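Just so you know, these numbers come straight off a predicted model, no measurement behind them.
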Amino acid sequence: PLVLVLSTVMLLLISGISTAQQSLTIGSTDVLCLSEISVSVTMDATADVQGFVLAIGYDDSLVTATGLTPAGEASSAELQVPEILTGGATLGVVMDANPPYSGSTISAGTGIEIAILSITPKVVVTSDTTTMLTFADGTLNSPALSNMIVQGGLSVGAGEGLSLINGTLTLVEPPPASMTIEDGSAA
């Protein structure tokens, strides 16, 4: 009976570890007129992360990225490779790239901010317009990059169970350019 109980406990622990969700998430927000806005990219990770790759696409007829920069613990990465492209932006980060290798990582956790996407509308809309900010595996850069995190020297992407949660950006219709005030008193 003790062996059966221990075996059951071990199976439950192993299944709990394997079902823990890891993800990358692009935030959602609104922007008015042609103002630059910052959108947060966060990570949920069950183990420390040695690096990551982000490839984020958008409708370049509506918006353009002006930056994709590491944030939080990732901002101290020894290797940071951002690139702004037509229709998207990519960012590669390696926490510990130079000797002496000290094992720098991003700590495991949930809702960890790892990057900031700076984005600017290209048009002033006449009605509220929502556009997607998407994780774009295999379409941006040359060679094409896929979104992933690196844990224990292994890449973890969508094929290995990494959830990629897209965001939205709503371009908000501005208020009228002029306003008329009329006498509202009864004659």
Engineer: Determine the minimum heavy-atom distance between Pro121 and Ser35, stating which atoms define it.
Structural biologist: CD-O, 3.3 Å
Engineer: Within a strict 4.5 Å, meaning less than it, do heavy atoms of the Val53 and Ser146 side chains meet?
Structural biologist: no
Engineer: Applying side chain to side chain contact (heavy atoms under 4.5 Å, CB included) to Asp137 and Leu164, what does each step give before you reach the verdict?
Structural biologist: CA-CA 10 Å; Asp137 279 351; Leu164 302 175; 3.6 Å; yes
Engineer: If you measure from CG on Leu145 to CD on Glu83, what distance do you get to the nearest 0.5 Å?
Structural biologist: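 That separation rounds to 8.5 Å.
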Engineer: Regarding Glu113 and Ser40, do their side chains bring together a donor and an acceptor under 3.5 Å, going by distance alone?
Structural biologist: yes
Engineer: Determine whether Ile37 and Val172 fall in the same hydrophobic cluster, where Ile, Leu, Val, Met, Phe, Trp and Tyr are linked whenever their side-chain heavy atoms lie under 4.5 Å apart.
Structural biologist: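 Shared cluster, no.
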Engineer: Between OG1 of Thr129 and CG of Leu62, what distance do you get to the nearest 0.5 Å?
Structural biologist: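 Nearest 0.5 Å value for the OG1-CG distance: 7.0 Å.
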Engineer: If you define the side chain from C-beta out and look only at heavy atoms, does anything of Val49 sit under 4.5 Å from Met43?
Structural biologist: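 Side chain of Val49 against side chain of Met43, heavy atoms only: contact under 4.5 Å found.
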Engineer: Would you check if the side chain of Gln50 reaches a backbone N or O of Gly153 as a donor-acceptor pair within less than 3.5 Å?
Structural biologist: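 Yes; at least one donor-acceptor contact below 3.5 Å.
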Engineer: Once rounded to the nearest 0.5 Å, what's the spacing between atom CE of Met132 and atom CD1 of Ile26?
Structural biologist: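 One gets 8.0 Å once the value is rounded to the nearest 0.5 Å.
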Engineer: Which residue, Thr90, Leu117, Leu85, forms the side chain to side chain contact (heavy atoms under 4.5 Å, CB included) with Ile56?
Structural biologist: Leu117
Engineer: Are any of the side-chain heavy atoms of Leu79 and Val93 separated by less than 4.5 Å?
Structural biologist: no
Engineer: Work out which heavy atom in Ser38 is nearest to a heavy atom in Ser118; give both atom names and the distance.
Structural biologist: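 Nearest heavy atoms, Ser38 then Ser118: OG-OG, 4.2 Å.
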Engineer: Do the side-chain N and O atoms of Glu36 and Thr66 include a donor-acceptor pair separated by under 3.5 angstrom?
Structural biologist: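 Yes, a side-chain donor-acceptor pair sits under 3.5 Å.
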Engineer: Show the numbers, then the answer: is there a side chain to side chain contact (heavy atoms under 4.5 Å, CB included) between Glu160 and Ser155?
Structural biologist: CA-CA 8 Å; Glu160 294 75 36; Ser155 297; 5.7 Å; no
Engineer: Quick one: closest heavy-atom pair of Ala115 and Leu54, and the distance?
Structural biologist: CB-CD1, 3.6 Å
Engineer: Treat each ILVMFWY residue as a node, draw an edge where side-chain heavy atoms are under 4.5 Å apart, and state whether Leu133 and Leu162 are in one component.
Structural biologist: yes
Engineer: Here's a test for you: under side chain to side chain contact (heavy atoms under 4.5 Å, CB included), which of Asp44, Ile106, Leu24 qualifies with Ile149?
Structural biologist: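 Checked Asp44, Ile106, Leu24 against Ile149; only one passes side chain to side chain contact (heavy atoms under 4.5 Å, CB included): Leu24.
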Engineer: Check Ala77 against Met95 and note the closest heavy-atom contact, atom names and distance.
Structural biologist: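 Shortest heavy-atom contact: CB-SD, 3.7 Å.
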Engineer: For the residue pair Leu169 and Asp30, what are the closest heavy atoms and their distance?
Structural biologist: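 Smallest interatomic distance, heavy atoms only, reads CD1-C, 4.5 Å.
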Engineer: Indicate whether the side chain of Gln22 and that of Gln151 have a donor and an acceptor atom separated by less than 3.5 Å.
Structural biologist: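 Present: a donor and an acceptor within the cut-off.
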Engineer: For the side chain of Asn141 and the backbone of Pro143, is there at least one donor-acceptor N/O pair under 3.5 Å apart?
Structural biologist: no
Engineer: Any link between Ile165 and Val156 through a network of hydrophobic side chains (Ile, Leu, Val, Met, Phe, Trp, Tyr) touching at under 4.5 Å?
Structural biologist: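 Not linked; separate clusters.
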Engineer: Would Asn166 and Phe135 count as a side chain to side chain contact (heavy atoms under 4.5 Å, CB included) if you check the C-alpha gap in whole Å, the side-chain angles of each, and the deciding distance to 0.1 Å?
Structural biologist: CA-CA 6 Å; Asn166 298 321; Phe135 287 108; 3.6 Å; yes
Engineer: Do Pro82 and Thr69 come close enough that some side-chain heavy atom pair is under 4.5 Å?
Structural biologist: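 A side-chain contact under 4.5 Å is absent here.
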Engineer: Applying a strict under-4.5 Å side-chain criterion to I, L, V, M, F, W and Y, I'd like to know whether Val125 and Val31 cluster together.
Structural biologist: yes
Engineer: Would you say the side chain of Asp128 lies within less than 4.5 Å of the side chain of Leu171, judging by non-hydrogen atoms?
Structural biologist: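 Not touching, per the 4.5 Å side-chain cut-off.
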Engineer: Show your reasoning for whether side chain to side chain contact (heavy atoms under 4.5 Å, CB included) applies to Asp60 and Thr86.
Structural biologist: CA-CA 7 Å; Asp60 67 349; Thr86 301; 3.0 Å; yes
Engineer: Any non-hydrogen side-chain atom of Thr131 less than 4.5 Å from a side-chain atom of Thr168?
Structural biologist: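 Sidechains of Thr168 and Thr131: no contact.
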Engineer: Kindly indicate whether the side chain of Tyr58, heavy atoms from C-beta on, has any atom under 4.5 Å from the side chain of Ile119.
Structural biologist: yes
Engineer: Looking only at heavy atoms, which two atoms of Gly167 and Ser28 are closest? And how far apart?
Structural biologist: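 Here Gly167 and Ser28 meet closest at CA-OG, 3.5 Å.
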Engineer: Between OH of Tyr101 and CD of Glu78, what distance do you get to the nearest 0.5 Å?
Structural biologist: 8.5 Å
Engineer: So, Thr130 and Thr170: side-chain donor and acceptor under 3.5 Å apart, yes or no?
Structural biologist: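 Note: Thr130 and Thr170 side chains meet the donor-acceptor criterion.
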Engineer: Without hydrogens or angle criteria, can the side chains of Ser163 and Ser23 be said to hold a donor-acceptor pair below 3.5 Å?
Structural biologist: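 On atom types as modelled, these side chains do not qualify, holding no pair under 3.5 Å.
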Engineer: So Val94 and Phe52, do their side chains get closer than 4.5 Å, heavy atoms only?
Structural biologist: no
